[in-house]
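Written below as structure tokens is the structure these notes are about.
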Amino acid sequence: ETGVTQSPTHLIKTRGQQVTLRCSSQSGHNTVSWYQQALGQGPQFIFQYYREEENGRGNFPPRFSGLQFPNYSSELNVNALELDDSALYLCATATRETQYFGPGTRLLVL
Amino acid sequence: QQQVKQSPQSLIVQKGGISIINCAYENTAFDYFPWYQQFPGKGPALLIAIRPDVSEKKEGRFTISFNKSAKQFSLHIMDSQPGDSATYFCAARNGSSNTGKLIFGQGTTLQVKP
């Protein structure tokens, strides 16, 4: 177990809505990353937060945004949901070496 | 340049056999190569990882072989067991990046038959 927890586990939204996904960690790592994993694909990096600041972003539009809190928990917000946003969203605490993933939130956009 | 190509897409192995999954990359700035194992409904779990200054790393039944000149690395699962049935992802990290961002391969679904 990585000690990374995510909520909710599953979520159904309709196109155009907004969603907030949450992540917390017992590790004390001050870096958190978010990834999107489409069905049958490898995870794709969305962004990373370090000490409450975004310090790296993948090829995702601005409607994907995030927050990191002083206790290092994090949120991923997605506005104006599109059908292609349906995926498993993974949070990971990061050391300089690698990423330790939570179980993910399965988002379905109808 | 940022891609990691993984093969095969799927693999069926008999119990006790050797499972081999291959990955290739182009970006010489990659400096860290982990393998992740993912079961259905779960997040990826770190299995084993290697740096390019080492040609092989072994942990239990899992071995990474690394060929820096060919820009290829592979995962070998010895004595494969039905419990190893899962999706395996290779990944790479760009050492020149200020983040720990990982670039993943497309995944290999392994089925180990009893």
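Quick caveat, the model's predicted, so the values are computed rather than measured. By convention in this document, chain letters (A, B, ...) are assigned in the order of the sequence lines, proteins followed by strands, and residues within each chain are numbered from 1.
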For residues [X] and [Y], report the shortest heavy-atom separation together with the two atoms involved.
X	Y	result
L21(A)	P8(A)	CD2-CD, 4.4 Å
D31(B)	N94(B)	OD1-C, 4.2 Å
Q68(A)	E53(A)	OE1-N, 4.5 Å

[X] versus chain A, the contacting section by heavy-atom distance below 4.5 Å:
X	value
Q6(B)	neither
P34(B)	side chain
L46(B)	side chain

Centroid-to-centroid, [X] to [Y], below 6.0 Å?
X	Y	value
W34(A)	F64(A)	no
F47(A)	Y49(A)	yes
F33(B)	F66(B)	yes

Option in [options] with maximal non-hydrogen atom pairs under 4.5 Å from chain B:
options	answer
P103(A), G104(A), S33(A)	P103(A)
Q6(A), Q99(A), Q41(A)	Q99(A)
G40(A), G102(A), P43(A)	P43(A)

* Asked: Is atom CD of E59(B) surrounded by more than 12 heavy atoms (other residues, nucleotides or ligands) closer than 6.0 Å?
  ->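 Enclosed: over 12 neighbouring heavy atoms sit under 6.0 Å from CD of E59(B).
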* Hey, is NZ on K71(B) packed in by over 12 heavy atoms from elsewhere, all under 6.0 Å? ->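 More than 12 heavy atoms, drawn from other residues, nucleotides or ligands, come within 6.0 Å of this atom.
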* **Selection from G43(B), G105(B), A45(B), A49(B) maximising heavy-atom pairs under 4.5 Å formed with chain A** =>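 Most heavy-atom pairs within the cutoff with chain A belong to G43(B).
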* For chain B, which residues of residues 70-92 of chain A have at least one non-hydrogen atom nearer than 4.5 Å to it? ->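 From residues 70-92 of chain A, the residues near chain B are L88(A), L90(A).
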* Measure the acute angle between the ring planes of F45(A) and Y35(A), then classify it against the limits of 30° and 60° as parallel, tilted or perpendicular. =>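 F45(A) and Y35(A): perpendicular rings.
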